[in-house]
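Here the structure comes first, spelled out in C-alpha cells, and everything after it is commentary.
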There are 2 protein chains.
Amino acid sequence: MESIPFDVMDPDCPSRVVLQRIGDKWTPLIVHALKDGTLRFSELRVAVGGITPKVLTQTLRTLERDGLVERTVFAEVPVRVEYRLTALGESLLGPLDAVRAWAESHAGNILQARDAFDATV
Amino acid sequence: MESIPFDVMDPDCPSRVVLQRIGDKWTPLIVHALKDGTLRFSELRVAVGGITPKVLTQTLRTLERDGLVERTVFAEVPVRVEYRLTALGESLLGPLDAVRAWAESHAGNILQARDAFDATV
DNA sequence: AGTACTTAGTATCTATTGGATACTCTCGGT
DNA sequence: ACCGAGAGTATCCAATAGATACTAAGTACT
C-alpha cells in the first residue's frame with residue numbers, strides 16, 4: 001500500500017484528469033440528482049435543468065466508463081433506462097455536496113463582489 | 001435572514017454560475033496553489049503546471065472579479081504582481097480540498113474502472 | 001545612444017468542447 | 001397504416017481552451 005502516489009498539481013498525474021472530470025460542468029449536478037436513488041434518462045433531464053440530451057448522454061457515458069454511474073436497460077416498450085450511482089459514485093457525494101453547499105451559501109457574496117468590482121471599472 | 005435562497009439545480013439560479021466557476025478547469029488548482037499565502041504570476045504558472053499564460057490571466061481576472069483573489073501590483077522594475085486569497089477565497093479551501101483529496105485517493109479506482117470498461121468494448 | 005534583461009502579461013490562430021434544434025429507432029396499441 | 005413514448009443521434013454553429021509568438025516598461029551594461 002503506497003501513500004500519496006497522486007498529485008493534482010502535476011500536469012502528468014492521472015489524478016488531474018480525474019479532478020477535471022468531477023469538476024466538469026455537469027457532473028456535480030448529475031451526481032447530486034442521483035443521490036437518492038435511481039433516475040431514468042428523462043427524469044435526469046428534468047432534475048438537471050438546462051442540459052441538452054446530447055450533453056447528458058455524453059456525460060453519463062463518461063461517468064459510466066469511469067465507474068461512477070451504472071446504466072441499466074430494461075427491455076420494455078418503450079425502453080426504460082435507469083441510472084444510479086455506484087459505490088464509488090456515492091463516495092463522491094460528500095465532497096461534491098460540500099462544494100455545492102458552498103456555492104449556494106456564498107452565491108450572494110460573489111454577486112456582491114461582482115457589483116463592487118464592476119462599479120470601479 | 002432567509003434560508004435556502006439558492007438552488008444549483010435551478011438553471012436560472014445564480015448559484016449555478018458560481019458552482020460552475022469554482023468547478024472550472026483551473027480554479028481548484030489555483031486556489032490550492034495559493035493556500036499557503038501569496039504567489040507571483042510566474043510562481044503560479046509553475047505551481048499550476050501546464051497552464052498557459054493567457055488562460056492563467058483569464059482565470060485570475062475572473063477570480064478577482066468574483067472576490068476570491070486579490071491582485072496587488074508593486075511598482076518595481078521589473079514589475080511585481082502578487083496574488084493571494086481573500087477571506088472569501090479562503091473559505092473555499094475546505095470544500096475544494098475535499099474534492100482534490102478525493103481525486104487523488106480515488107484516481108486509481110477510476111483508472112481501473114476504465115480498463116475494465118474498455119476491456120468489455 | 002543603443003541594446004539586453006526581467007516580469008507580466010497580449011495577440012493571433014487553431015483545435016476542442018458545448019449548445020440548439022431536429023431527427024431516428026422500436027414496438028405496441030388503435 | 002399511423003401514432004405515441006422513451007432514449008437517445010445527427011448536424012451545424014458558437015464559445016472556450018491551447019500553442020506560440022509578441023509587447024511594454026524601465027534599469028543596467030557597453
Side-chain angles (χ1 to χ4, degrees), chain A residues 8-13 16-31 33-34 38-66 69-84 121, chain B residues 8-13 16-31 33-34 38-66 69-84 121:
Chain A
V8 291
M9 300 309 277
D10 174 358
D12 298 322
C13 177
R16 177 171 289 196
V17 178
V18 170
L19 179 63
Q20 295 183 352
R21 159 118 20 277
I22 64 183
D24 103 332
K25 186 162 184 178
W26 297 105
T27 296
L29 300 174
I30 291 175
V31 169
L34 291 173
T38 70
L39 285 181
R40 308 174 59 164
F41 186 85
S42 50
E43 292 170 328
L44 265 173
R45 250 181 104 171
V46 174
V48 181
I51 193 169
T52 63
K54 188 189 81 167
V55 174
L56 180 55
T57 300
Q58 283 173 354
T59 309
L60 286 170
R61 290 286 185 280
T62 308
L63 291 174
E64 189 190 359
R65 183 183 128 106
D66 285 352
V69 159
E70 193 176 75
R71 175 174 180 270
T72 313
V73 180
F74 295 88
E76 304 173 358
V77 171
V79 68
R80 180 163 54 104
V81 180
E82 287 189 349
Y83 293 92
R84 68 179 183 82
V121 184
Chain B
V8 291
M9 300 308 276
D10 173 359
D12 299 321
C13 178
R16 177 171 289 196
V17 178
V18 170
L19 180 63
Q20 294 182 351
R21 159 117 20 276
I22 65 183
D24 102 334
K25 186 161 185 179
W26 297 106
T27 295
L29 300 174
I30 291 175
V31 170
L34 291 174
T38 70
L39 285 181
R40 308 175 56 164
F41 186 85
S42 50
E43 293 170 329
L44 265 174
R45 250 182 104 171
V46 174
V48 181
I51 194 170
T52 63
K54 188 189 81 166
V55 175
L56 179 54
T57 301
Q58 282 173 355
T59 309
L60 285 170
R61 290 287 185 280
T62 308
L63 292 174
E64 190 189 359
R65 184 184 128 105
D66 284 352
V69 159
E70 192 175 76
R71 176 173 179 269
T72 312
V73 181
F74 295 88
E76 304 172 357
V77 170
V79 67
R80 180 163 55 104
V81 179
E82 287 189 349
Y83 292 91
R84 68 180 184 81
V121 183

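The structure displayed is predicted, hence computed values, not measured ones. To find a chain, count down the sequence lines: A is the first, B the second, and so on, and within it residues start at 1.
- One interatomic measurement links the two molecules: CG of B:L60 to P of D:dA17, which rounds to 14 Å at whole-angstrom precision.
- With D:dT9, D:dG18, C:dT10 as the choices, the nucleotide that has an atom nearest any side-chain atom of A:P53 turns out to be D:dT9.
- Considering only side-chain N and O atoms, B:K25 lies under 4.0 angstrom from the phosphate OP1 or OP2 of D:dG18.
- Put simply, NZ on A:K25 and CD1 on A:I30 are 12.5 Å apart, with the number rounded to the nearest 0.5 Å.
- Counting any heavy atom pair closer than 4.0 Å across all strands shown, A:F74 reaches no nucleic acid atom.
- Between the P atom of C:dG9 and the CD atom of B:E43 lies a distance of 13 Å, rounded to the nearest Å.
- For the OP1/OP2 pair of C:dT17 and a distance below 4.0 Å, the side-chain nitrogens and oxygens of A:W26 include no atom meeting the criterion.
- Here D:dA25 presents its C1' atom at 16 Å from CZ of B:R80, a figure rounded to the nearest Å.
- Contact annotation for A:R71: backbone-only contact, meaning every heavy-atom pair under 4.0 Å involves sugar-phosphate atoms and none involves a base.
- Of all heavy-atom pairs spanning B:L29 and A:L19, the tightest one is CD2-CD2, 3.8 Å.
- Using a 4.0 Å cut-off between charged side-chain N and carboxylate O, A:E82 and A:R84 make no salt bridge.
- Atom CG in B:D24 sits roughly 16 Å away from atom C1' in C:dT16 (whole-Å rounding).
- Atom-to-atom, CG of A:L44 to P of D:dG6 comes out at 14 Å; the value is rounded to the nearest Å.
- Atoms CG and CG, from B:L60 and B:L44 in turn, are 6.0 Å apart once rounded to the nearest 0.5 Å.
- Within 4.0 Å of A:V77, counting heavy atoms only, lies at least one base atom of the nucleic acid.
- The phosphate of D:dA7 has OP1 or OP2 within less than 4.0 Å of a side-chain N or O from A:R40.
- Projected onto DNA chain C by closest heavy-atom contact, B:Y83 and A:T52 fall at different nucleotides, the more 5' of which corresponds to B:Y83.
- A straight line from CZ of B:R16 to P of C:dG19 spans 10 Å, rounded to a whole angstrom.
- Residues A:L34 and A:Y83 share a closest heavy-atom pair of CD2-O, 3.5 Å.
- Between the P atom of D:dA5 and the CD atom of A:E76 lies a distance of 16 Å, rounded to the nearest Å.
- Phosphate proximity of C:dG9 to B:R61: present, with a side-chain N or O under 4.0 Å from OP1 or OP2.
- Per the geometry, CD belonging to A:E82 stands 16 Å off C1' belonging to D:dG8, to the nearest Å.
- Residue A:K54 places no side-chain atom within donor-acceptor reach of the base of D:dG8, judged by atom type and a 3.5 Å distance cut-off alone.
- Projected onto DNA chain D by closest heavy-atom contact, B:Q58 and A:T57 fall at different nucleotides, the more 5' of which corresponds to A:T57.
- Comparing A:I51 and A:V79 by the nucleotide of DNA chain C that holds the closest heavy atom to each, the one mapping nearer the 5' end is A:I51.
- A sub-4.0 Å separation between OP1 or OP2 of D:dA7 and a side-chain N or O of A:S42 is present.
- Here the straight-line distance linking atom CZ of A:R61 with atom CG of A:L56 works out to 9.5 Å at 0.5 Å rounding.
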